[in-house]
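Structure, as structure tokens:
Both ligands and their constituent atoms are indexed starting at 1 by order of listing. Note that this is a predicted model, so its numbers are computed, not measured.
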Amino acid sequence: MSDDCIFCKIVNKDINASIVYEDDKVIGFKDLHPVSPTHILFIPKKHIKSIDHLEEGDSAIVAAILLGISKYAKQIGISENGYRVVSNIGKYGGQTVFHLHFHLLGGRAHSWPPG
Ligand code: 5GP
Ligand code: ZN
């Protein structure tokens, strides 16, 4: 838990979010400014700043996030057409919230390479 972290506040239900997925390690909630018809942020309940700040002991958390994404994508029916998972890291990655999160983007085709 980091006191000044907006995503920790969402984990602790101190601020509202549309939570669509939850297990013991992970929550998934709707992005405030969606860029795709499906735009969900999957985050660990533990405060970790980014992929670059992962420690050896965090491997079960990362697995839980990716499995959660996969389960949720099947549940809402976007698996067949496919979807994109993105995690931005630091300045060049375009990260704006410094609590690890994976964007699940679905419901339309996504081009490559990204901007
Ligand atoms: P980043 O740019 O760090 O990869 O992504 C941060 C994402 O968090 C952005 O897509 C932004 O719209 C979303 N976001 C920022 N603040 C909030 C918030 O308070 N609630 C929700 N639901 N999403 C947020
Ligand atoms: Zn946090």
Side-chain angles (χ1 to χ4, degrees):
M1 165 76 192
S2 168
D3 283 342
D4 55 357
C5 172
I6 195 145
F7 286 0
C8 282
K9 292 193 171 103
I10 289 175
V11 169
N12 290 326
K13 317 256 158 88
D14 289 335
I15 65 165
N16 276 333
S18 291
I19 296 176
V20 297
Y21 179 89
E22 180 160 14
D23 64 30
D24 59 328
K25 296 184 182 64
V26 174
I27 61 168
F29 55 92
K30 292 186 181 173
D31 195 292
L32 206 53
H33 303 291
V35 298
S36 299
T38 298
H39 189 170
I40 307 297
L41 300 173
F42 281 78
I43 73 169
K45 290 182 173 176
K46 177 185 172 186
H47 182 78
I48 300 168
K49 283 188 184 150
S50 77
I51 285 179
D52 204 46
H53 296 79
L54 286 168
E55 295 167 358
E56 291 293 335
D58 294 327
S59 56
I61 292 175
V62 177
I65 292 171
L66 296 181
L67 278 167
I69 289 171
S70 169
K71 278 191 236 172
Y72 181 72
K74 287 186 183 75
Q75 185 193 315
I76 64 166
I78 61 171
S79 286
E80 199 174 324
N81 283 330
Y83 51 89
R84 182 163 295 173
V85 176
V86 177
S87 190
N88 298 321
I89 299 142
K91 188 170 80 170
Y92 274 19
Q95 186 175 9
T96 60
V97 177
F98 291 87
H99 179 129
L100 175 65
H101 52 280
F102 289 74
H103 299 255
L104 166 59
L105 304 169
R108 68 170 171 89
H110 293 83
S111 60
W112 192 265

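Only the side chain of Phe7 comes within contact range of ligand 1, with a heavy atom under 4.0 Å; no backbone atom does. The backbone of Lys30, and not its side chain, has at least one atom closer than 4.0 Å to an atom of ligand 1 (non-hydrogen atoms only; backbone = N, CA, C, O).
For the pair Tyr72 and Val20, the minimum side-chain heavy-atom distance is below 4.5 Å. Using a 4.5 Å heavy-atom threshold, the side chains of His99 and Cys8 count as touching.
One finds an angle of 120° at the Zn ion (ligand 2) between SG on Cys8 and SG on Cys5, to the nearest 10 degrees.
Only one option out of Arg108, Arg84, His103 pairs with Ser36 in a side-chain hydrogen bond (donor to acceptor under 3.5 Å, both in side chains); it is Arg108.
Protein heavy atom at the shortest distance from atom 15 (C) of ligand 1 is Val97 CG2, 4.0 Å. The shortest contact between atom 2 (O) of ligand 1 and any protein heavy atom is with Thr96 OG1, 2.8 Å. Of the protein's non-hydrogen atoms, His101 NE2, 3.1 Å is the one closest to atom 1 (P) of ligand 1. Atom 23 (N) of ligand 1 has as its closest protein heavy atom Leu32 N, 3.2 Å.
Tyr83 and Asn81 form no side-chain donor-acceptor contact under 3.5 Å, judged by distance and modelled atom types alone.
Interatomic distance, Ile48 CD1 to Cys5 SG, rounded to the nearest 0.5 Å: 11.5 Å. For the atom pair Asn12 CG and Lys45 NZ, the distance stands at 10.0 Å (nearest 0.5 Å). Interatomic distance, Ile51 CD1 to Asp58 CG, rounded to the nearest 0.5 Å: 11.5 Å. Rounded to the nearest 0.5 angstrom, His47 NE2 and Leu100 CG are separated by 10.0 Å. To the nearest 0.5 Å, atom CD1 of residue Ile43 and atom CD1 of residue Ile61 are 11.5 Å apart.
Of the candidates Ile43, Leu100, Ile6, it is Ile6 that places a heavy atom closest to atom 19 (O) of ligand 1. Across the listed options Ile15, Asp31, Leu41, Asp31 owns the non-hydrogen atom lying nearest to atom 12 (O) of ligand 1.
Listed by atom number, the atoms of ligand 1 under 4.0 Å from Asn88 heavy atoms are 1 (P), 4 (O). For ligand 1, the atoms sitting less than 4.0 Å from at least one non-hydrogen atom of Gln95 are 3 (O), numbered in the order shown with element in parentheses. The His33 neighbourhood of ligand 1 comprises atoms 12 (O), with distances under 4.0 Å to a heavy atom of that residue.
Using a 30° and 60° split on the angle between ring planes, Phe7 and Phe29 fall in the perpendicular class, above 60°.
Among the heteroatoms counted here (N, O or S) of His99, ND1 is the one nearest to the Zn ion (ligand 2). Considering just the N/O/S atoms of His47, the one nearest the Zn ion (ligand 2) carries the name ND1.
Between Phe29 and ligand 1, no pair of N/O atoms sits closer than 3.5 Å.
In this structure, Gly94 counts as a contact residue of ligand 1, since one of its heavy atoms falls inside 4.0 Å of the ligand.
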